[in-house]
Every structure is written in structure tokens, then in C-alpha cells.
Amino acid sequence: TLIFITLFGYISINQKQKWEGRFQIVLKSPSKQTSQSSRLPSSLSNLVSNTNSNSMNTEVEILKSSSVLKPVYDYFLDLEGINKNDKNKISFHDWFDSRLSITLIKDTSVLEIIYKSKKEEQVIPILSKVSEIYQNYSGKEREMEISRGINYLKNQLIKTKKESLNSMNILQEFSTKNNIGNEDGL
């Protein structure tokens with residue numbers, strides 16, 4: 001018993017506490033359409049309703065990627081006082097695997113983000129940075145979709161103007177050929 005108490009005491013004293021924080025975000029569902037967008041032509045409806053041909057799992061993998069999370073990793077290095085050029089620094093993948101968990105909750109579009117650290121004061125700032133990065137990513141994606149929608153509408157306007165001009169030319173030609181129309185100024 002004395003050995004057990006001594007061993008337990010030694011382990012609890014030497015074991016460092018781990019702190020954990022988490023939050024959840026709802027990802028847009030690629031299959032839902034709003035009632036307003038369902039009345040639009042299908043090519044425009046896809047842009048307006050923010051539908052996405054990629055699966056939810058692909059979206060999650062993009063959100064887990066170093067291209068999205070690199071600013072959070074750099075922020076972690078700054079908090080730790082680690083020089084980004086230090087060859088012995090923890091790699092992005094090791095940092096991600098040991099501290100960050102990003103999972104899609106089964107049968108939902110809810111993404112759960114968990115951050116673990118031995119330093120309590122790092123948990124909230126890191127999670128806040130992840131949230132900020134995801135909001136910016138979502139905003140950029142929405143801006144790209146809006147831009148695509150605007151470009152589509154501009155192209156449709158050009159196409160419609162050409163068709164209208166062509167129709168007017170055909171009408172004018174028909175009117176002249178059959179002596180009807182604008183000769184008397186009407």
C-alpha cells in the first residue's frame with residue numbers, strides 16, 4: 001500500500017496538467033436550397049444558394065489543411081517564443097496532431113474544434129485565432145461565389161443585348177422588305 005501511495009503521489013506531482021478548450025461551428029450544407037433560389041435558373045441557383053459540389057468531408061479536410069491553419073500555427077510559434085526559422089521547431093503536422101482535433105460530428109454538418117495545451121493561457125487565444133481564420137475563410141468563399149454570380153449575370157446581359165440587337169436588325173430588315181413599320185415615323 002505504501003508503494004502504491006508513493007507511486008501515485010510521484011505520478012500526480014510529475015504529471016503536467018493539460019488544458020482543453022472546444023467550440024463548434026455549423027458548416028453550410030451543400031444540399032439545401034432556399035425557396036428564393038429555387039425559383040432561379042439552375043445555373044444561377046447554384047451560385048446564389050451557396051451550394052457546393054464538394055462533399056462535406058472534403059470541406060472539413062480543406063479546413064484542416066496547413067494552407068488554412070498556417071496562421072494559427074505561426075501564432076502558436078509566436079506565443080511559444082519559437083523562431084520560425086529554427087530547424088528544431090515543432091512541425092505543423094506534429095503540432096496539429098498533438099494539440100488540435102477537428103472532426104465532423106457524425107450525421108451532422110457540425111464541425112467540432114478542440115485545442116489541448118499544457119499552458120492554460122494559450123487555449124482561448126489559439127481557439128479564437130482558429131475561429132477568426134475560419135470566419136475569414138468562409139467570407140472569402142462567399143465573396144468568390146458572389147463574384148461568380150456577378151460575372152454570370154454580366155455575361156448573360158452581354159448575351160441578351162446581342163440577341164436583342166440581332167432581333168431588332170431582323171425586324172428592321174423584315175419591315176423594310178414588306179413596307180411596314182417606321183417609314184411614317186412610327
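On a predicted model such as this, the values are computed, not experimentally measured, just so you know.
Nearest heavy atoms, K70 versus F92: N-CE1, 4.4 Å. The two atoms that bring P71 and V68 nearest to each other are CD-O, 3.4 Å, heavy atoms only. Residue S98 comes nearest to I90 through the heavy atom pair OG-CD1, 4.3 Å, listed as atom of the first residue, atom of the second, then distance. A pairwise comparison of heavy atoms in I102 and Y134 identifies CD1-OH, 3.1 Å as the closest pair. The minimum heavy-atom distance between S117 and V123, with the atom names listed, is CB-CG2, 4.1 Å.
In this structure K84 satisfies the salt bridge (charged side-chain N to carboxylate O under 4.0 Å, His left out) test together with D78, sequence neighbours excluded.
More than 12 heavy atoms of other residues, nucleotides or ligands lie within 6.0 Å of CZ in F23, so this atom counts as buried by the packing criterion. Heavy-atom contacts from other residues, nucleotides or ligands closer than 6.0 Å to NZ of K116 number 12 or fewer. When the shell of 6.0 Å around CD of E163 is examined, it contains more than 12 heavy atoms from other residues, nucleotides or ligands.
Distance check, rounded to the nearest 0.5 Å: CD1 of I133 to NZ of K129 gives 5.0 Å. Atom OH of residue Y152 and atom OG of residue S147 lie 15.5 Å apart, to the nearest 0.5 angstrom.
When side chains are defined from C-beta on, Y75 counts as touching L79, because their heavy atoms get closer than 4.5 Å. Using a 4.5 Å heavy-atom threshold, the side chains of V60 and L63 count as separate. The closest side-chain heavy-atom distance from K119 to W19 is not below 4.5 Å. The side-chain heavy atoms of F96 and K64, taken from C-beta on, include a pair separated by under 4.5 Å. Contact of the I82 side chain with the N88 side chain is not registered, since no non-hydrogen atoms from C-beta on lie closer than 4.5 Å. The closest side-chain heavy-atom distance from L165 to N169 is below 4.5 Å. Residues L100 and I114 are not in side-chain contact: their nearest non-hydrogen atoms beyond the backbone lie 4.5 Å or more apart. For the pair S128 and V130, the minimum side-chain heavy-atom distance is 4.5 Å or more.
Side-chain N or O atoms of N178 include none that pairs as donor or acceptor with a backbone N or O of I180 at under 3.5 Å. In terms of modelled atom types and a separation under 3.5 Å, the side chain of S164 and the main chain of T160 share no donor-acceptor contact. Panel note: side chain S91, backbone D94; a donor-acceptor pair is recorded below 3.5 Å.
For the residue pair S131 and Q135, a side-chain donor N or O sits within less than 3.5 Å of a side-chain acceptor on the partner.
No salt bridge links E20 with K18; every basic N to acidic carboxylate O contact stays at or beyond 4.0 Å. Between E80 and K89 there is no salt bridge, since no side-chain nitrogen of the basic residue lies less than 4.0 Å from a carboxylate oxygen of the acidic one.
Taking the six-membered ring where tryptophan is involved, the planes of Y115 and W95 are tilted, since the angle between them lies from 30° to 60°.
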